[in-house]
Trainee: 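Below you'll find the structure I mean.
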Amino acid sequence: MGSLTSLLAGLVTGEASAIAKQVRGAAIAYGVALVAALFGFCFLLAAAYLWAAERFGAIEASLGFGGGFLAVAGLTVISYRLIVKSRSRRRAEKRRTDLAALGIAAGIAALPGLLRSREGTGALLGPLAALFAYALYRENFPGDAEKNGDQEPSSDADRRG
């Protein structure tokens with residue numbers, strides 16, 4: 001029982017640290033985007049002032065700087081969102097593999113108890129027999145498997161290329 005609680009505690013603390021890293025990354029990315037947007041706004045205001053004051057001269061430079069900072073802000077937000085999506089996909093995949101490993105471990109732990117009784121042996125042999133029968137069916141009738149949506153190639157030439 002102690003190993004199960006330590007496993008669950010590890011999962012919970014791992015999730016908490018992942019959330020803390022995500023929040024810290026979001027704060028940094030949005031902070032950089034905010035600073036760049038503020039600089040862009042300031043340069044756009046300076047450009048409007050220069051345009052109103054002189055109508056020619058440093059306007060192009062101010063508009064260029066303002067647009068550049070706004071582009072930096074937009075690129076920062078877009079790149080952060082792409083990074084977050086890839087991280088969440090990786091985190092979901094890791095969670096799936098962890099749950100699969102947990103299920104396999106639980107199944108292996110339950111195996112000796114199932115093998116001790118007749119009902120448990122029957123419960124194990126039924127699905128194994130069905131799996132064996134399906135494998136024989138697929139080997140003897142490969143065209144039927146492709147019609148049913150399975151995409152496994154039916155010959156060695158198809159497998160190679």
Side-chain angles (χ1 to χ4, degrees), residues 1-111 113-114 127-128 130-131 134-135 138 142-161:
M1 190 65 157
S3 62
L4 181 61
T5 55
S6 66
L7 176 65
L8 290 176
L11 285 173
V12 170
T13 57
E15 289 292 321
S17 67
I19 290 172
K21 284 181 184 177
Q22 182 180 4
V23 169
R24 185 173 48 241
I28 290 170
Y30 283 118
V32 169
L34 177 65
V35 168
L38 287 175
F39 273 110
F41 186 70
C42 289
F43 274 102
L44 288 175
L45 284 177
Y49 171 75
L50 290 174
W51 179 76
E54 294 183 20
R55 282 200 80 178
F56 296 106
I59 298 169
E60 292 85 8
S62 294
L63 287 174
F65 275 101
F69 278 112
L70 289 175
V72 167
L75 288 174
T76 302
V77 170
I78 289 170
S79 64
Y80 177 73
R81 287 188 177 194
L82 291 174
I83 289 169
V84 165
K85 282 183 184 178
S86 68
R87 281 183 188 165
S88 67
R89 271 187 249 122
R90 274 188 263 134
R91 209 175 309 119
E93 181 64 30
K94 184 179 182 332
R95 192 175 301 122
R96 275 194 296 271
T97 57
D98 288 348
L99 288 176
L102 185 65
I104 290 171
I108 290 173
L111 194 61
L114 287 173
L128 285 176
L131 185 64
Y134 180 69
R138 285 195 54 189
D144 290 345
E146 289 174 4
K147 288 179 199 170
N148 292 334
D150 294 341
Q151 298 299 322
E152 243 180 66
S154 58
S155 70
D156 286 339
D158 292 338
R159 285 188 188 107
R160 280 186 242 124

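Since this is a predicted model, take the numbers as computed values, not measurements.
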Trainee: Can you measure from CD1 (Ile104) to OG1 (Thr97) and round to the nearest 0.5 angstrom?
Mentor: 10.0 Å
Trainee: Residues in side chain to side chain donor-acceptor pair (under 3.5 Å) with Arg96, at least two apart?
Mentor: Glu93
Trainee: Measuring from atom CG of Leu70 to atom CG of Leu75, what distance do you get when rounded to the nearest 0.5 angstrom?
Mentor: 11.0 Å
Trainee: Sequence neighbours excluded, which residues qualify as ring-ring contact (aromatic ring centres under 6.0 Å, His included) partners of Phe41?
Mentor: none
Trainee: Could you grab the distance from atom CG of Leu38 to atom CZ of Phe43, nearest 0.5 Å is fine?
Mentor: 12.5 Å
Trainee: Test: ring pair (Phe, Tyr, Trp, His ring centres under 6.0 Å). Region: residues 84-111. Which pairs qualify, not counting sequence neighbours?
Mentor: none
Trainee: Using the salt bridge (Lys or Arg N to Asp or Glu O under 4.0 Å) rule, collect all pairs that involve residues 76-92, keeping only residues at least two apart or in two chains.
Mentor: none
Trainee: Provide the full list of ring pair (Phe, Tyr, Trp, His ring centres under 6.0 Å) pairs with a residue in residues 70-103, sequence neighbours left out, each pair given once.
Mentor: Tyr30-Tyr80
Trainee: Apply salt bridge (Lys or Arg N to Asp or Glu O under 4.0 Å) to Lys94 and list each qualifying residue two or more places apart in sequence or on a separate chain.
Mentor: Asp98
Trainee: Give me the atom names and distance for the closest heavy-atom approach of Ala33 to Ala73.
Mentor: O-CB, 3.5 Å
